[in-house]
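Down below is the structure, laid out as structure tokens.
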Amino acid sequence: MTENADGRRWWHGAVIYQLYVRSWRDSNDDGYGDLRGIIERLDYLSWLGVDAVWLSPTMPSPDDDWGYDVSDYTGVHPDLGTLADLDELIEQADQRGMRVLLDLVPNHTSSAHPWFADAASGREAEHRRYYVWADPRPDGGRPNNWLDFTGRPAWQWHDSGQYYLHNFLPGQPDLNWWEPAVHQEFARILEFWFERGVAGFRVDVANGLYKDAELRDNPPLDSDNPLEGVFGLRFVYNSNRPETHGVYRDWRKIAESYSPERLLLGETWVPDAQRLAAYYGDNDELQLGFNFPFALADLDPARLATIVEQTLAALPSGAGPVWMGSNHDLGRFPSRWCGGDERKIRLALLVLATLPGTTVLYYGDEIGMTDVDVPPALRRDHATLDLEGGADRDRARTPMPWDGSPGSGFTGPGVTPWLPMADPPGTTVADQRDKPESTLSLCRRLLALRRTELGRGLADFENLAVTEGVWTYRTGPLVVAANFTDQPADMPAEAGEVLLTTSAEQAPPTPGVLRPWEGVVTRRSGSAA
Ligand code: GLC
């Protein structure tokens, strides 16, 4: 058991590294990253100081949505490797003290999944009730006004004489969680992977699953907001349904029956701390839920400080928050928050590394990797391909730039990677690894400091002030002071001995002054060294 009687869990204080498998390291020169590529580079992750990796979807899939359309929940996608490779990855990670989380997609399957193939074979089919089917309205129209995530109708007409629901692409039919057999299937899937040593799951569309039993129309919404509703409709009846919480209470019991306890980290797409906390239940549902209001906020210290405070206040006792700035849907924080400004990127890394709870870094965050402009002809994300002005998710899914060799250390020379590398190539791991002033070295120092100073547990946190763009907070025995402005600022009085600065400037600092966009980690006066 790694749990302590005081309620500590292995993910408290941990850093999880989200690894987009197809883009991290290609071991067999086919242009796609793979599991053996991860095994080859595990020493890098251990050098960096991460505690766990979350692998983007690894299960067999026709890849309409790059693995978020699963056709077999207990297999490994042949492009990425084999079950034996995954077993070896778990084993090798374990030897380095790291855990492996997989991505689980319970809201929908691929239309190529055998359950759907059977369900589509006729209205009496055994698996028909696994999916959400509905008759046309009396006038022949669609069952309701729901739209999928591209803004098109969420109902697909099927030859069997009914519509089926897809909140995502037509190739991603929604599962029907009112059907008890679906619960049994997923309990088995969880156990299958937990038995193999998988440390937990990132749960895709965790606020989805159940849909309104009466399939009522979603109400109109005046202004779009990705967390409340889009395309003029509020997410009311197609997500965040109360019945979904029961699923997580069941899964939590399964997760807790293993040692160490398995982690359920939800993609909780909700607009505020109260609704986020609801997915933690009475600390008996998901152990962690992603904080989208934080990730989608600007790099504005007052806003971030408020979100942190509200989140900590809302969570049930014993539970911890989780923070991230980048992912494969939102884009990279070095672009979104920081506009590529290295000072801001370093400051944001400091914040992510010193907040209490769990931090998730997206591959490339550690070198300050920015979004890559992928020309339309080379885009691979079918979901956004033909959306005019739509989000281009490929920009944050391009290969990891390891070094300056042909193929960038991602793939072999002469191989065309599945998505283009940045052009010009930009900074690489090799450029930064041995330079003490690099962003990578800073990130590594931050993670080491987090481990030694904040330790394992939920650091006690207190917002001290946000004054004229300087955010000061206490986190465990540390005081962080972060200047979010273009001007020098006075070092706050609460700051103690400086343990780390984000500044890469060689010139010595002016005592008592924070440089523009500089953050410092200090030891709180009076706290033990
Ligand atoms: C989640 C994934 C996203 C995917 C969607 C449908 O939001 O992060 O990439 O398209 O679910 O599975």
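Heavy-atom basis, side chains included; hydrogens, waters and symmetry copies ignored. Both ligands and their constituent atoms are indexed starting at 1 by order of listing.
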Under 4.0 Å from a heavy atom of Arg393: which atoms of ligand 1 are those, numbered in the order shown and with their elements?
3 (C), 4 (C), 9 (O), 10 (O)
Among Tyr130, Phe116, Trp155, whose ring-ring contact (aromatic ring centres under 6.0 Å, His included) with Tyr164 holds?
Phe116
Where do Leu304 and Ala297 come nearest, in terms of heavy atoms and distance?
CD2-CB, 3.9 Å
To which protein heavy atom is atom 7 (O) of ligand 1 closest, and what is the distance rounded to 0.1 Å?
Glu267 OE2, 2.8 Å
Using a 4.0 Å cutoff against the non-hydrogen atoms of His108, which atoms of ligand 1 qualify?
6 (C), 12 (O)
Do the side chains of Asp94 and Arg99 get close enough for a salt bridge, i.e. N-O under 4.0 angstrom?
no
heavy-atom search around atom 2 (C) of ligand 1 in the protein gives Asp204 OD1, 3.1 Å
For the student: nearest non-hydrogen atoms of Pro321 and Thr311, plus distance:
CB-CG2, 4.1 Å
Checking side chain to side chain contact (heavy atoms under 4.5 Å, CB included) between Val132 and each of Leu165, Leu175, Asn167, which is the one that passes?
Leu165
Within 4.0 Å of some non-hydrogen atom of His328, the atoms of ligand 1 are 2 (C), 3 (C), 8 (O), 9 (O)
Give a yes/no verdict on a cation-pi contact between Arg216 and Trp146, requiring under 6.0 Å between NZ or CZ and the six-membered ring centre and an angle within 45° of the axis.
no
Please list the nearest protein heavy atom to atom 4 (C) of ligand 1 with its residue and the distance rounded to 0.1 Å.
Asp65 OD2, 3.2 Å
Enumerated ligand 1 atoms positioned under 4.0 Å from heavy atoms of Arg397:
9 (O)
Out of all atoms in ligand 1, which are within 4.0 Å of some heavy atom of Val205? Include the element for each.
11 (O)
Using the ring of Trp133 (Phe, Tyr or Trp, six-membered ring only), decide whether Arg123 places NZ or CZ under 6.0 Å from its centre and within 45 degrees of its axis.
no
So which bit of His382 gets within less than 4.0 Å of ligand 1, heavy atoms only: side chain, backbone, both or neither?
neither
For Asn145 and Asp217, indicate whether the former's side chain and the latter's backbone hold a donor-acceptor pair under 3.5 Å.
no
For atom 5 (C) of ligand 1, closest protein heavy-atom neighbour:
Phe168 CE2, 3.7 Å
Among protein heavy atoms, which lies nearest atom 8 (O) of ligand 1, and at what distance?
Asp329 OD2, 2.5 Å
